[in-house]
Protein chains: 2
Amino acid sequence: MQELTNVPLDAETKVAERPGDHESELRLWLRLLTCTTLIEGEVRRRLRQEFDVTLPRFDLMAQLDKAPGGMTLGELSQRMMVSNGNVTGLSERLVALGLLDRRQSRSDRRAQLVSLTPEGRRVFRAMARAHEGWIAEIFSQLSPADVDALMRLLARTKASARDAITTEAPR
Amino acid sequence: MQELTNVPLDAETKVAERPGDHESELRLWLRLLTCTTLIEGEVRRRLRQEFDVTLPRFDLMAQLDKAPGGMTLGELSQRMMVSNGNVTGLSERLVALGLLDRRQSRSDRRAQLVSLTPEGRRVFRAMARAHEGWIAEIFSQLSPADVDALMRLLARTKASARDAITTEAPR
DNA sequence: CCTATAAATTTGAACCTTAAAATGAATTCC
DNA sequence: GGAATTCATTTTAAGGTTCAAATTTATAGG
């Protein structure tokens, strides 16, 4: 995190950087980010206040709730769009709380399968019910047509982003 | 983080929790979150790869770039929508790198004013130029009309969220 | 078989983040 | 003008997060 002094000038000129009027896209990105941060913060606050649970733990349990048979850590990290090491730590804490079960995959001894315990499922369902209400409340000023339009536009946005990411950056 | 066992049943029934068909709002929220996470991850990756800088540092510098005279830490934390302690630490590291100046406010000895050093401003401008290009690339499949529609709908979303947050939760 | 490569996780270091308590400075209000 | 309050920031403890390197297990090729 040093030597920021010599700025690379070789940055690929992908989208005509010179004329560079991409202000509207930039503003759109900032607004998108603001909305998400705002809502995420509120959800985090309520999860803590009403259920004494963190957002990442809730997110992890939400993924697992959709997979009755359990999931490998890798699959989890992919769906949650977070790093592997992250999921390792989160799972450990949830197992310690008795909300998650964890066992080695029978078919692949490298893989770890995690799933909700009955207790975990019970707790998650209760949180999810409240969560759905909060979200409805937060979006309550949008008409059904607004919601629909947003869904469509965000689908397009997601596709565009995915393309840009997979096309450009050879990770 | 324990005693999740006894689920509070007293959760305010704000938005008619019983009938409870808020599925479309929930899906919308998940999609919004996906888009943001996707884009944020890509921006973080490129900032690291091309400028060896973290996203939070970039964000902080971006705020400061808009305030030539500098800003107090409190103002920064408010605009960045992060906690106070967060800004304290971030600023310390950026000061150590010579990218930020920091001084006590003359009018209020409690307040700390931070601003970009000339070096910081130079570095930030270069990063911002590249950043703008990445964003344009990421949103490139959206038409100007799409961008416009999204801006409007997200403005409505932001307003709705703010209302829900300030009205309901007396923090 | 045996080696090379790939895949799933874990570990370690550094950093980011929050919430809550503590500190120090300004304001308010008798 | 002194006590109580409010405000800006820092500190602390606990977690969350990433990246990169290391570990362990699978798989493929010869």
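Chain identifiers are assigned alphabetically (A, B, ...) following the order of the sequence lines, protein sequences preceding nucleic acid strands; residue numbering begins at 1 within each chain.
Taking atom CZ of residue R110(B) and atom P of nucleotide dT27(C), one finds them 6 Å apart after rounding to whole Å. Between the P atom of dA8(D) and the CG atom of L76(B) lies a distance of 13 Å, rounded to the nearest Å. At whole-Å resolution of the value, CG in L47(A) and P in dT18(C) are 15 Å apart. One interatomic measurement links the two molecules: CZ of R45(B) to P of dT17(D), which rounds to 16 Å at whole-angstrom precision. Nucleotide dT18(D) holds its P atom 18 Å from the CZ atom of R46(B), rounded to whole Å. Distance, M81(A) CE to dT18(D) P: 11 Å, rounded to whole Å. One interatomic measurement links the two molecules: CG of N84(A) to P of dA22(D), which rounds to 17 Å at whole-angstrom precision. Taking atom CG of residue L60(A) and atom C1' of nucleotide dG15(D), one finds them 14 Å apart after rounding to whole Å.
Regarding contacts with the backbone of dT18(D), a side-chain N or O of N86(A) is found under 4.0 angstrom from either OP1 or OP2. Dashed line: the shortest gap from a side-chain N or O of R109(A) to OP1 or OP2 of dA26(D) is under 4.0 Å.
Distance from the side chain of L73(B) is smallest to dT10(D) among dT10(D), dT18(D), dT10(C). The nucleotide whose nearest atom lies closest to any side-chain atom of T88(A) is, among dT9(D), dT25(D), dT10(C), dT10(C). Checking dT17(D), dT17(C), dT25(D) against every side-chain atom of L90(B), the shortest atom distance belongs to dT17(C). Distances from the side chain of P56(A) to the nucleotides dC7(D), dT10(C), dT17(D) place dT17(D) closest. Across dT18(D), dG15(D), dA26(C), the shortest atom-to-atom separation from the side chain of V82(A) is found for dT18(D). Distance from the side chain of S83(B) is smallest for dT17(C) among the nucleotides dT9(C), dT17(C), dT17(D). In this structure, of dC15(C), dA26(D), dG15(D), it is dA26(D) that holds the atom nearest to the side chain of D108(A).
Nucleic acid contact for T72(A): sugar-phosphate only, since backbone atoms but no base atoms lie under 4.0 Å from a heavy atom of the residue. Counting non-hydrogen atoms under 4.0 angstrom, R44(A) reaches nothing in the nucleic acid. Among the protein residues, G85(B) comes within range of the nucleic acid bases, having at least one heavy atom under 4.0 Å from a base atom.
Sorted by first and then second residue, the ring pair (Phe, Tyr, Trp, His ring centres under 6.0 Å) pairs involving residues 91-114 of chain A (not counting sequence neighbours) form an empty list.
In terms of position on DNA chain C, the residue among R48(A) and M71(A) whose nearest nucleotide sits closer to the 5' end is M71(A). Annotation: of the two residues near DNA chain D, S107(A) and M80(A), the 5′-most nearest-nucleotide partner is M80(A).
Surrounding CD of Q104(A) are more than 12 heavy atoms belonging to other residues, nucleotides or ligands, all under 6.0 Å away.
Residues passing the salt bridge (charged side-chain N to carboxylate O under 4.0 Å, His left out) test with R125(B), sequence neighbours excluded: D65(B).
The CG atom of L33(B) sits 6.5 Å away from atom CE of M81(A), with the distance rounded to the nearest 0.5 Å. Considering CG of L99(A) and CG of L116(A), their distance stands at 8.0 Å, rounded to 0.5 Å.
The six-membered or imidazole ring of F124(B) lies near that of F58(B), with a centre-to-centre distance under 6.0 Å.
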